[in-house]
There are 2 protein chains.
Amino acid sequence: MVVDSGRAGQGVARPPAPTLEEVAARAGVSRSTASRAINGGLRVSPEALASVEAAVADLGYSPNRAARSLVTKRTDSIALVVPEPDERVLSDPFFAGTLNGLSSALADTDIQVVLVIARPGENERSVRYLRNGHVDGAILVSHHRDDALERAMLQARVPTVFVGRPLSGADDVQYVDTDNVEGGRLATQHLLDRGCRRVATIAGPLDMSAGIDRLTGWRTAVTAAGLAADAVVHGDFTIASGAEAARQLITEFPDVDGVFIASDLMAAGAINVLTELGRDIPGDIAVVGYDNLGVAASTTPPLTTVVQPVVAMARAAGARLLDLLADGDSLPGEPLIFAPELVIRASA
Amino acid sequence: MVVDSGRAGQGVARPPAPTLEEVAARAGVSRSTASRAINGGLRVSPEALASVEAAVADLGYSPNRAARSLVTKRTDSIALVVPEPDERVLSDPFFAGTLNGLSSALADTDIQVVLVIARPGENERSVRYLRNGHVDGAILVSHHRDDALERAMLQARVPTVFVGRPLSGADDVQYVDTDNVEGGRLATQHLLDRGCRRVATIAGPLDMSAGIDRLTGWRTAVTAAGLAADAVVHGDFTIASGAEAARQLITEFPDVDGVFIASDLMAAGAINVLTELGRDIPGDIAVVGYDNLGVAASTTPPLTTVVQPVVAMARAAGARLLDLLADGDSLPGEPLIFAPELVIRASA
DNA sequence: TTGTAGGCGTTATCAC
DNA sequence: GTGATAACGCCTACAA
């Protein structure tokens, strides 16, 4: 006679989760009535509803998502797809903000967020996972480069909303972004307004829309002011690259008196180098960053920067995805663009 | 006659994912054989295996997790539980590192990570979700306070590994941590070694084990040196609180010549204030931080700090959870403790 | 309003 | 080694 059964490899067996059947039994109704009571309570008598709800509470019942998903064809989960797991992406506060906004958009939903970290090599696996109905939709942080993932997602017909304009640039792509061109222009104009005559930029990588657009904004402003738009150095949005770029900048363009740096992280690195090289900020060189992440307030001197409302963007992306999931036929994919805003601190 | 069917609210209908049935048909075998071929290929003839694999590749098949989960009682997903969604937690690079390490631990598994962000009020929902078999296990970033979640998880019998020692302090809790007492001691000893005679600390909150332990480490070192352990000010690990605490510190203990600050973020805020108040670092006051997150290298002056190997910790936590899932009967929950390490930069 | 009767896609248990 | 067949827990016509 078997006594010690159910040791399924978990140290101690946990009691099986209650099923709809048990709820129904306890409530004295049939499975179907219980099911209806749980899913909206339509076509259920008040008494039945009440007793089912009581049973649910008593038993601590929550529907088995697998079983439900099997029949409804929905998973009630969406993917947050993040390309490349290296320190760069994840430790970027941009990502944290995204998570924050997304989670708040989903707050009063029962939708779960599945984190899909797409490693360079194994995009295939990720794509297959995403396309085969394992999630209802996806948010893709396209903050970083135009990899195969973007294209794959689009043709997989999985409802997807990008945070940050994707470079693949299909026409009906859903995305949320800020106006990075305008942001870059704003920042640069501020430098010009305060009297800078030799304005450089430490630009982001050209395989990201944010990098491209902010550079364009800088060029627009500099050109409009009748100045030469030649003092350009590139970084990759990290602190280290900002430091390196600053060094290069000072070597190649020693007469620079103002610089627009395409991310706060790069600006933090650059400020250190500039200070080290004996340049006074903003006395000798005025500096404007981009993002308004935490680091901007803690540099010495504090960084004048352009706000990128990451949290709001992600929240909007989440909301848009929910719309898509509810009725995909409506909106023709008008992108949602947030306005950038200048925050003036001591560095410029 | 229905022509335009299957418009289930997705703009354009996507083709249904291929099923095992179809794979079997195309491979010329039965469902069972196809299933065995896919799950390990045991008890399958080489020919059958080959043709099934071919069919899988052709069709781009991937098993329906819901269906599988329904019968296996496993979900092949684990939860990453993060208390409180506010900026503080998510934008903390600590969290990013956790994600990074965890994802690398799961890299060659088919296990998905479900993000469970437990909002203050709705712990109930989270707990119910977690306990009812929706995930096979959980990683709980207990970095922040001892909330109900911790206890609930433990008694829910869901295999759980904490990152950072939980305060609930049951005996058989699985957790991964660094030796924060030793870390605090190391940092403080460094200040003493370089000649500081009035050593203060900006401690973390006392409702987190990291806050408590680092303070203990500081106290140990200061006391061992025969000095007074009375110069204590508290922050909550954020930049802003560090700035505030520094101000308070200078007011109450104007003769301080060295300070151990329990997080790099707080240290960044404090350094700004100290500099502002005209104190030279490290000339007037030497500063040591904790974490060795990105910000430590970018402060002015660069911050001497204690390394907390977050990524390695999270990776270890993931590995431990995997072990637990495989055979929970073995290890009696020996915590995994990483050794802290001092990184010397210019601030001390 | 309620209950009965499939069936969703997969794995597990058997005979073969 | 292989293939029927029975669950798994839920939703949803359909009939009552």
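The sequence lines fix the lettering, A, B, ..., with proteins before strands; numbering per chain opens at 1. Just so you know, these numbers use all the heavy atoms, side chains as well, and skip hydrogens, waters and symmetry mates.
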Colleague: Name the residue closer to the 5' end of DNA chain D, choosing between A:Thr72 and B:Val71 according to the nucleotide with the nearest heavy atom.
Modeller: B:Val71

Colleague: Can you see whether A:Ser77 engages A:His134 through a side-chain donor-acceptor pair at a distance of less than 3.5 angstrom?
Modeller: no

Colleague: Just to be sure I understand the rule, does B:Leu20 reach a base, reach only the sugar-phosphate, or reach nothing, if contact means heavy atoms closer than 4.0 Å?
Modeller: base

Colleague: Answer yes or no: is there a side-chain heavy-atom contact under 4.5 Å between B:Val114 and A:Val113?
Modeller: no

Colleague: CD of B:Glu21 versus C1' of C:dC8: gap in Å, rounded?
Modeller: 12 Å

Colleague: Using a cut-off of 4.0 Å on non-hydrogen atoms, how would the nucleic acid contact of B:Ser32 be classed: base, sugar-phosphate, or nothing?
Modeller: base

Colleague: With heavy-atom distances below 4.5 Å as the criterion, would you say the side chains of B:Val176 and B:Phe162 are in contact?
Modeller: no

Colleague: Whole Å only: how far is the CG atom of B:Asp76 from the C1' atom of C:dT10?
Modeller: 13 Å

Colleague: With a 3.5 Å cut-off and no angle check, do the side chains of B:Arg128 and A:Ser62 form a donor-acceptor pair?
Modeller: no

Colleague: What is the distance, to the nearest angstrom, from the CZ atom on A:Arg68 to the P atom on C:dT10?
Modeller: 21 Å

Colleague: Decide yes or no for B:Leu336 and B:Tyr175: does some side-chain heavy atom of the first lie under 4.5 Å from some side-chain heavy atom of the second?
Modeller: no

Colleague: Report yes if a side-chain nitrogen or oxygen of A:Lys73 is closer than 4.0 Å to either non-bridging phosphate oxygen (OP1 or OP2) of C:dG9; otherwise report no.
Modeller: yes

Colleague: Would you give the length of the straight line joining atom CD1 of B:Ile139 to atom OG1 of B:Thr160, rounded to the nearest 0.5 angstrom?
Modeller: 8.5 Å

Colleague: Just how far, in rounded Å, is P of C:dA12 from CG of B:Leu70?
Modeller: 12 Å

Colleague: Specify the separation, in whole Å, of atom CG of A:Asn64 and atom P of D:dA7.
Modeller: 18 Å

Colleague: For the side chain of A:Arg31 and the base of C:dG6, is some donor closer than 3.5 Å to an acceptor across the two?
Modeller: yes

Colleague: With the side chain counted from C-beta on, respond yes when A:Gln112 and B:Tyr129 share a heavy-atom pair under 4.5 Å apart, and no when they do not.
Modeller: yes

Colleague: Figure out the CG/P separation between B:Asn132 and D:dC10, and round it to whole Å.
Modeller: 10 Å

Colleague: What's the closest nucleotide to the side chain of B:Thr19 if the choices are D:dG9, C:dG9, D:dG3?
Modeller: C:dG9

Colleague: Calculate the interatomic distance between B:Arg74 atom CZ and D:dG9 atom P; express it in whole Å.
Modeller: 16 Å

Colleague: Taking OP1 and OP2 of C:dT2, is either one under 4.0 Å from a side-chain nitrogen or oxygen of A:Thr33?
Modeller: no

Colleague: Quick check on contacts: within residues 34-49 of chain B, what sits under 4.0 Å from DNA chain C by heavy-atom distance?
Modeller: B:Ser35, B:Asn39

